[in-house]
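In what follows, every chain begins at residue 1, and chains take the letters A, B, ... in the order their sequences are listed.
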Amino acid sequence: MPELPEVERARALIAARALGREIAGADDRDTYVCRPHAPGEIDGALAGARLVSACRRGKSMWCETDAGPVLGLHLGMAGRIAVDGASEGDPAPVPAGGNPAWERFALEFADGGRLVLIDKRRLGRALLDPDLSGLGPDALDITREQFRARVGRGDAPLKARIMDQAVLAGVGNLLADEALWQAGLPPLRPAGELGDEELDRLRRAVRAAIRRAIRRGGVHTGTIVPHRHRDAACPRCGAPMVKATVGGRTTWWCAAEQGRPAAS
DNA sequence: ACCTATGTTGATAC
DNA sequence: GGTATCAACATAGG
């Protein structure tokens with residue numbers, strides 16, 4: 001589920017509950033999730049240290065430590081963070097019993113508590129000193145000028161453009177559908193065709209959708225999310241919702257308000 | 001049972 | 001360089 005809002009809630013959870021606690025060790029035995037590290041490398045780098053900050057850009061998180069190394073965390077497609085058993089940033093709070101096999105990485109604190117990366121699919125990541133140089137500006141911080149210049153160019157479909165993390169960091173599949181629907185813009189329209197007024201409207205919609213999702217608990221709380229299925233109607237005008245693959249992802253939009261029919 | 005779908009991202013190919 | 005496609009993972013649902 002994790003798009004920017006879920007990641008922000010996870011970051012806030014870490015900031016509130018994990019900073020300053022002595023790390024006794026790390027369980028980094030899952031070498032797929034902790035790649036490119038060998039088992040024991042993260043543990044060796046962090047044992048005895050304390051997290052001093054919890055930061056985020058787009059969907060990437062990282063924690064600085066008083067020992068030097070930075071711990072990078074990414075939730076991938078199904079990851080969530082829990083600290084001492086309390087989870088944030090996901091619709092269904094891990095009911096007491098999420099499968100223990102889904103705990104892919106953990107920081108064990110000297111006080112007995114733990115910070116855990118829970119991830120059914122193992123597409124999340126935990127690693128040292130992550131490279132974040134390829135990320136564009138965070139979707140909540142991007143200025144109007146930056147947004148116009150970075151999003152309003154290229155031949156790629158508008159939706160693919162706003163989901164490109166190098167252009168703008170944080171927007172995923174559901175947020176993209178939500179923001180485009182709120183702004184009344186066609187997902188398939190080439191990004192470079194947009195005018196400044198449309199780009200400003202889209203930026204407002206992206207930021208509003210993100211802030212609302214953070215408040216309400218996740219991207220699944222979006223207005224069109226329940227209407228992303230066959231035979232659904234646009235909750236604003238009643239026209240049929242239509243579907244196509246855009247930028248490699250399933251995309252739903254209002255046939256009337258968001259113009260441009262599905263290509264082929 | 002078999003096939004498809006799933007909130008991400010990276011590596012590849014044109 | 002920009003854009004598109006596929007694969008990585010593991011589960012859930014028709």
Side-chain angles (χ1 to χ4, degrees), chain A residues 1-10 30-36 56-61 72-81 87-92 94-95 97-105 117-127 130-136 139 149-180 187-193 206 209-210 212-214 216-222 224-226 228-231 243-252 263-264:
Chain A
M1 337 224 110
E3 296 185 37
L4 191 155
E6 285 79 6
V7 179
E8 171 55 24
R9 290 170 68 98
D30 188 325
T31 55
Y32 186 82
V33 168
C34 297
R35 70 190 183 282
R56 180 191 61 73
R57 181 158 180 191
K59 306 172 197 172
S60 290
M61 274 184 288
L73 295 169
H74 197 289
L75 300 181
M77 209 147 173
R80 50 159 55 110
I81 296 292
S87 175
E88 264 300 349
D90 223 302
V94 168
N99 186 343
W102 296 343
E103 298 187 0
R104 310 297 185 181
F105 171 81
L117 170 61
I118 299 163
D119 183 6
K120 213 180 338 197
R121 291 180 67 180
R122 290 174 83 207
L123 293 171
R125 304 285 299 275
L127 77 169
D131 176 13
L132 306 171
S133 62
L135 291 179
R150 300 179 73 94
V151 173
R153 54 181 301 170
D155 299 322
L158 184 54
K159 181 181 180 187
R161 191 83 192 153
I162 61 174
M163 283 197 305
D164 183 340
Q165 304 300 298
V167 169
L168 175 68
V171 176
N173 196 37
L174 294 185
L175 269 180
D177 278 6
E178 178 75 16
L180 289 168
L188 284 164
R189 190 154 156 219
E193 282 184 4
V206 165
I210 291 172
R212 195 167 76 124
I214 292 174
R216 299 176 47 158
V219 292
H220 62 286
T221 63
I224 32 81
V225 172
R228 298 173 82 257
H229 63 79
R230 250 178 40 120
D231 300 329
K243 172 176 102 153
T245 296
V246 182
R249 312 303 312 282
T250 299
T251 302
W252 291 91
S264 87

Heavy-atom side-chain proximity of [X] to [Y] below 4.5 angstrom:
{"X": "A:T245", "Y": "A:T251", "result": "no"}
{"X": "A:I210", "Y": "A:P5", "result": "yes"}
{"X": "A:L117", "Y": "A:L75", "result": "yes"}

Which pair of non-hydrogen atoms, one from [X] and one from [Y], has the smallest distance, and what is that distance?
{"X": "A:V7", "Y": "A:R56", "result": "CG1-CD, 3.6 Å"}
{"X": "A:H74", "Y": "A:S60", "result": "CD2-OG, 3.5 Å"}
{"X": "A:L4", "Y": "A:A139", "result": "CD1-CB, 4.1 Å"}

Between A:E3 and A:K59 (salt bridge meaning N to carboxylate O under 4.0 Å), is one present in this structure? no
Could I get the full list of side-chain hydrogen bond (donor to acceptor under 3.5 Å, both in side chains) partners for A:R228, not counting sequence neighbours?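 Residues passing side-chain hydrogen bond (donor to acceptor under 3.5 Å, both in side chains) with A:R228: A:D177.
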Between [X] and [N], is there a contact of a side-chain N or O with OP1 or OP2 at under 4.0 Å?
{"X": "A:R249", "N": "B:dT8", "answer": "yes"}
{"X": "A:H74", "N": "B:dT9", "answer": "yes"}
{"X": "A:T250", "N": "B:dA5", "answer": "no"}

Integer-rounded Å distance: [N] [atom2] and [X] [atom1]:
{"X": "A:D119", "N": "C:dA8", "atom1": "CG", "atom2": "P", "answer": "17 Å"}
{"X": "A:M77", "N": "C:dA7", "atom1": "CE", "atom2": "C1'", "answer": "12 Å"}
{"X": "A:R230", "N": "B:dA5", "atom1": "CZ", "atom2": "P", "answer": "13 Å"}
{"X": "A:H220", "N": "B:dA5", "atom1": "NE2", "atom2": "P", "answer": "23 Å"}
{"X": "A:R35", "N": "B:dG10", "atom1": "CZ", "atom2": "C1'", "answer": "8 Å"}
{"X": "A:R153", "N": "C:dG1", "atom1": "CZ", "atom2": "P", "answer": "12 Å"}
{"X": "A:K243", "N": "B:dA5", "atom1": "NZ", "atom2": "P", "answer": "6 Å"}
{"X": "A:L117", "N": "B:dT8", "atom1": "CG", "atom2": "P", "answer": "16 Å"}

Under 3.5 Å, side chain of A:R125 to main-chain N/O of A:R122, donor-acceptor pair present?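 Between the backbone of A:R122 and the side chain of A:R125 there is no qualifying donor-acceptor contact (under 3.5 Å).
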Gap in Å between the two [atom1] atoms, one belonging to [N] and one to [M], rounded:
{"N": "B:dT9", "M": "C:dA12", "atom1": "P", "answer": "23 Å"}
{"N": "B:dA5", "M": "C:dT5", "atom1": "P", "answer": "15 Å"}
{"N": "B:dG10", "M": "C:dT11", "atom1": "P", "answer": "23 Å"}

Side-chain polar contacts of residues 163-174 of chain A - donor-acceptor pairs under 3.5 angstrom, sequence neighbours left out - could you list them?
from, atom 1, to, atom 2, distance (Å)
A:D164, OD1, A:A166, N, 2.9
A:Q165, OE1, A:G170, N, 2.9
A:Q165, NE2, A:M163, O, 2.9
A:Q165, NE2, A:V171, O, 3.0
A:N173, OD1, A:K159, NZ, 2.5
A:N173, ND2, A:T250, O, 3.2

According to side-chain contact (heavy atoms from CB on, under 4.5 Å), who are the partners of A:T31, at least two apart in sequence or on a separate chain?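 For A:T31, the residues satisfying side-chain contact (heavy atoms from CB on, under 4.5 Å) (neighbours in sequence not counted) are A:P39.
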Report the nucleotide, chosen from B:dT6, C:dA8, C:dA4, that has the shortest atom-to-atom distance to any side-chain atom of A:L123. C:dA8
Considering only side-chain heavy atoms of A:K59, which listed nucleotide, B:dT9, C:dT3, B:dT6, is closest?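 So the nucleotide nearest the side chain must be B:dT9.
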Heteroatom pairs (N/O) under 3.5 angstrom, protein to nucleotides 11-14 of chain C:
from, atom 1, to, atom 2, distance (Å)
C:dT11, OP1, A:W102, NE1, 3.2

Value for CD (A:E178) from OG1 (A:T221), rounded to nearest 0.5 Å, stands at 8.0 Å
With the threshold set at under 4.0 Å for non-hydrogen atoms, list the residues of residues 161-180 of chain A touching DNA chain C in residue-number order.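 Contacts with DNA chain C under 4.0 Å: A:R161.
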Would you mind classifying the nucleic acid contact of A:G154 as base, sugar-phosphate or nothing, using non-hydrogen atoms under 4.0 angstrom?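 Sugar-phosphate contact only.
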Base-paired stems that DNA chain B participates in, counting runs of 3 or more Watson-Crick or G-U pairs under 3.5 Å: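 Counting only runs of 3 or more consecutive pairs, the stems involving DNA chain B are B:2-6 with C:10-14, B:8-14 with C:2-8.
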